[in-house]
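All residue numbers refer to positions in the sequence shown, counting from 1. Computed from a predicted model, the values in this text were never measured in an experiment.
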Amino acid sequence: MSDRIDPPAVLIFDDEALASSLRAILADDPTTILIATAATAEECERAVERRPIDCLVARRLPPLDGVSPRGSPDGVAVSDPKTTPSPEDDSVGPQTVAAGESGGLTVPLVLYPATPTDELARRSTDSEAIRYVPQSIDTEDRTLLVDAIREAIGHRARERELRAHAAERDLLVQMSSLANVGGWELDADTESLVWTAETRRLHGVSESFEPTIENAIEFYHPDDRDAVREDVESALQGESFDSMYRLFRADGDVRWVRSKGVPTVEDGSIVGVRGSFQDVTEAKRREDDIRQFKRAVEAAGHAIFITERNGTIEYVNPAFEAITGYDAEEAIGRDPSILKSGKMDREYYRSLWSTVLSGEVWSEPIVNKRKSGEHYHASETIAPITVDDGTIQGFVAIQTDITDQVHARERLETFREIVNRLEDPIMLQDRDGAFEVVNDTVAEYAGLSKSELIGGDEFDFMDDSAARTIQEKKARVLETERSVTYELTPTFPTKGERSFVTTRYPHYDEDGDIDGTVAICRDITEQAERENQLRVLDRILRHNLYNKMNLILGHAEILENRTSGDEKRSIRQIRETGDELVELADKERRIVELLTDESGPRRIDVRELLDDVVADIREAHPEASITVDCPEPFEVRAIPEVREAFTELLRNAVIHTGGDPVVTVTAAKTDDTVAVTVADDGPGIPEMEREAARSATDITPLFHGSGLGLQFVNHVARRSGGSLRFESAEDASSEGGSVVVLNLPAADAATRE
C-alpha cells in the first residue's frame, strides 16, 4: 500500500484561465486537489521534480523538447521521436508527452481542446494514458473535465497501490523463505486457492501443483480435517482463526503446522480468506516436552522450587505447598530462608552455597520449618541451572519429606534397645522361617551369637519335635494373617527343658504384603511348676475335704433321724452348712481349673447354648418362670466354660429370688459385641459379692467365700475377651431384683484365634 499523504496534484499546461476555473469549481470538493500551472516545458519539468503529478491537462499536446525520462515513477518522459507530430500541425503541437515505455504516457493526460480535432482524437485512441474531452461537449461547470481528472487521479492511485503491493510481495517472499512461513489465499466466489512458493515447499509439492480446497484438506490428519473446514468456514463468516494441525507432507513425513486466517473484505463484503502457514513441529515438540515436564513436576510428590541466582523463589510445585504449608503466592518472590528451622548451623549453609555456586550439586538432609512452625526432616538436592556458556542462571531444589522415616528410625532404635533389654525372647523371621532380627535373650537360650543365628532357624538349636511345631505355627500365621498363641516346652542345649507361652504375629512390608512373622516368647517354666503344684494341692485338699465332709454329713444325718426339737434343728443346720461347703469347694475347683487351663476361644451359637441351659434350669426348678429373648442365632467367640457361666447366672437368679422367681434372659448385638442380660425380681446382689466378682479388692476373711460363682463368670468373660457388669434395676427398667450383663465378642469381629 502507498504511504503517500500529500493531496493529488493536477498540472494545467499553458492555460491559467482554465486553472483558475478548476480551482473555483473544486473549492468545495471534500477531496483536496492541488491545481498547478506550467507555461513552458521547463516549468513542467521543474513542477514534476518538485512533487508527484497525478494528471496533466492541456488544450493540445504539450511541446516538451529535450525533456528526458524521470527517475521518479511519477515523472514525465518524452516519447520516441517517431511518434512526434510535425511542427507544421499547429493544432497538434510539435511533440507529445510519452511514458517511460515506448508508446505509453507516464502521467495521464487529459486533452481538453476548445473544439474537437480529428488528429487529437486519433492520438487519444492510440494511447491508454490520454483521455480526449473536447470543451465544446462539456457543461459550464466542466463536469466531464472534472470526471476525467478524477479518473486519472484514481488511476495513478491504483498504479501506486499496485507498485506498493508488488514491493510488499517481493519483501514477503524473501521474509517467508527466511522464516519458513508460507501464505495462502482463498477466493470465496470462485473457491480458487492460491499458495505461495514457501507453502508449496512446506507441503512437499512442486511449483506445478495446483491446490484446491479439497486436495489441500487431504494433506491433514483425518482427525484434524473437520477442524480445518470449520476454521475456514468461520473465517468466511468474519471470524479470524489461529490453529495448529497435523500435516502429512507429500513425502509421508508428519509435521505440525500453524495456520492463521483472516477474512478478506472489499466494499464491506467478505470476498475470501487470506492467511499464513508455518511449520511448528520443533516448537510443538519443545512445547510438548515442556508441558510433559511441567506435568511431571506438578504431579511429583517431592517439593520442587526454582530460584533465581540470588535465591529469590520464582516457582513452586503443589507438593511444595502441601509439605511446607506456604501457598505459591506466599513463597514466590521470597527466598528459602522462610523455611529455616534454626536447627542447621552456619557452616551447613556456607558449604551449601559454596557447592552450588561452583556449579556442583548439593545433596544432604536438612531440618526445615513449615509455615505452622512445625519442624520437618527433608532429603534435599539442589542443582544449578546454567545457560549455554555455563553461566549459572538459577537453582532448582528438590525436597523429599522424610519426617516419618526419621521418626520411624528413632522409634526403631528405641524399640531395638528396649527389645534387647527384655528378658523375653523376641525374634523376626522371614516367610521361610529364617531369622532376620533376634534379641540378646534368644542368643542366650540358643547358646549362639546373634550373627550365628541370623539366616538360620529353630532347628539349629532346638529339638526337632518342638522346631516342627513352631514351623506349623508360622505357616498358620502366614496363611491366615492372624496371630496365634501357643504353649510349648522345647529342649535347649544350655538351659535344658523350658516351657514357653508364645504369641506369633504376622509382619508386613512397606507395601502391606505379609513378609514374615514376629514372635514374643515368655518363659513360664517356674509359673507352670507353681500351677502344677497348685493343681496337685487343690486336688489333695478337695479330696480330704470331700472325705471329711462326707463323714460329717453322714453322722449328722444319723443324729438328725434320732433327735427332735432344738437338737434336730441344730443338726439340720450343720448338714445344710456342710452341703454349702461342698458346693463352695466345687466352685473353687472350677475357678482353679479355669485359671490353669489354656483352652482358647471358639465359635459358639448363643441361642442354641441358652436353649440348652434354660431347659436344664427349668427341669431342676419347675417353679421358676424363665423367658428368653434371642431374636437371632448370634455367634460369639468364647471359651467352652461359657456354658457353666450361663448356668451360674441363671441358677443364682432362680435360687436367690425365692418363691416363684421370674427371670428374663435377653441377647442383643451392639457393634462388635453380643450382650446377654439376666434379670430377676429377687432381692438383688449384695455389693460385697459384686466387688468380689469383679476382683475389685483383696479377698479377706470378711467375704467368707461370697461371690465365688460370680468370680467364675467374670474369669470366663475375661478369658473370652469380654466383660461382666452389674446394672441397677432402674437402669434395666425392671421392678426390683438384679441385672447382670455378660458381654462377649461377636464371632465375625474377633481376630484372635
Side-chain angles (χ1 to χ4, degrees), residues 286-417 437 508-513 515:
R286 288 193 298 271
E287 182 181 320
D288 289 343
D289 290 343
I290 293 172
R291 186 180 296 110
Q292 184 176 3
F293 174 76
K294 185 176 181 181
R295 282 199 299 267
V297 170
E298 296 285 332
H302 309 285
I304 299 175
F305 59 100
I306 298 174
T307 74
E308 298 175 1
R309 181 183 172 86
N310 63 3
T312 302
I313 298 173
E314 56 184 7
Y315 168 82
V316 300
N317 72 338
F320 176 94
E321 298 177 299
I323 291 174
T324 68
Y326 287 97
D327 293 337
E329 294 78 9
E330 297 174 303
I332 292 174
R334 304 173 71 179
D335 60 64
S337 63
I338 60 175
L339 304 177
K340 278 189 175 181
S341 64
K343 295 291 185 180
M344 315 307 293
D345 56 26
R346 292 183 179 179
E347 182 57 34
Y348 178 91
Y349 293 105
R350 189 180 297 112
S351 178
L352 185 158
W353 281 106
S354 173
T355 300
V356 297
L357 287 175
S358 67
E360 300 295 326
V361 176
W362 169 269
S363 184
E364 291 288 339
I366 188 172
V367 180
N368 275 344
K369 183 175 66 176
R370 308 186 204 273
K371 181 182 177 182
S372 64
E374 176 191 5
H375 290 176
Y376 70 95
H377 295 261
S379 175
E380 183 174 60
T381 299
I382 304 175
I385 302 172
T386 59
V387 293
D388 292 340
D389 62 359
T391 303
I392 296 176
Q393 189 177 39
F395 304 97
V396 57
I398 303 174
Q399 284 193 354
T400 303
D401 188 342
I402 58 172
T403 306
D404 291 342
Q405 295 92 311
V406 170
H407 290 169
R409 281 199 302 271
E410 293 172 350
R411 290 193 299 271
L412 182 60
E413 290 302 321
T414 301
F415 293 155
R416 189 188 303 276
E417 184 176 354
V437 178
Y508 299 91
D509 60 19
E510 294 179 354
D511 297 326
D513 298 325
D515 64 352

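Residue Asn317 holds its CG atom at 10.5 Å from CD of Gln399, rounded to the nearest 0.5 Å. Between atom OG of residue Ser337 and atom NZ of residue Lys369 there is a gap of 10.0 Å, rounded to the nearest 0.5 Å. A distance of 9.5 Å separates OG1 of Thr381 from CD of Glu364, quoted to the nearest 0.5 Å. Rounding to the nearest 0.5 Å places OH of Tyr326 at 9.0 Å from OG of Ser372. Expressed to the nearest 0.5 Å, how far OG of Ser351 lies from CD of Glu347 amounts to 6.0 Å. Taken to the nearest 0.5 Å, the OG1 atom of Thr355 stands 7.5 Å off from the CD atom of Glu360.
With a 4.5 Å cut-off on side-chain heavy atoms, Asp335 and Ile313 do not count as touching. Phe305 places none of its side-chain heavy atoms less than 4.5 Å from the side chain of Tyr315. Between Met344 and Val367, some side-chain heavy-atom pair lies under the 4.5 Å cut-off. A 4.5 Å side-chain heavy-atom check between Ile323 and Tyr376 finds at least one atom pair inside the cut-off. Side-chain contact between Glu308 and Phe395 is absent, with no heavy-atom pair separated by less than 4.5 Å. Between Thr324 and Arg370, the closest side-chain pair of non-hydrogen atoms is not below 4.5 Å. Looking only at side-chain heavy atoms (C-beta outward), Val396 and Ile304 come within less than 4.5 Å of each other. Taking the side chain as every heavy atom from C-beta outward, Asp401 and His302 never approach each other to under 4.5 Å.
Under the 3.5 Å distance criterion, the side-chain polar atoms of Ser358 are matched with a main-chain donor or acceptor of Ser354. Side-chain atoms of Asp511 do not come within 3.5 Å of backbone N or O of Asp513 as any donor-acceptor pair.
Glu380 and Ile366 make their closest contact through OE1-CD1, 3.8 Å (heavy atoms, listed as atom of the first residue, atom of the second, distance). Closest non-hydrogen pair, Gly359 versus Pro384, comes out as O-CG, 3.5 Å. Nearest approach of Val361 to Ala383, heavy atoms of both residues: CG2-CB, 4.0 Å.
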Evaluate the ring pair (Phe, Tyr, Trp, His ring centres under 6.0 Å) criterion for residues Trp362 and Tyr349: first the C-alpha distance (whole Å), next the side-chain angles of each, then the deciding distance (0.1 Å), finally the verdict.
-> CA-CA 11 Å; Trp362 169 269; Tyr349 293 105; 9.0 Å; no
What do the steps show when you test Thr386 against Thr391 for side chain to side chain contact (heavy atoms under 4.5 Å, CB included), and what is the final call?
-> CA-CA 5 Å; Thr386 59; Thr391 303; over 6 Å; no
When you look at Ile385 and Ile392, which way does the side chain to side chain contact (heavy atoms under 4.5 Å, CB included) test go after all the steps?
-> CA-CA 6 Å; Ile385 302 172; Ile392 296 176; over 6 Å; no
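Partner of His377 under the side-chain contact (heavy atoms from CB on, under 4.5 Å) criterion, out of Ile402, Asp404, Asn368: Ile402 alone.
Heavy atoms of other residues, nucleotides or ligands lying less than 6.0 angstrom from CD of Gln393 number 12 at most.
Screening residues 318-333 for salt bridge (Lys or Arg N to Asp or Glu O under 4.0 Å) gives Glu330-Lys371 as the qualifying pairs, with residues at least two apart or on separate chains.
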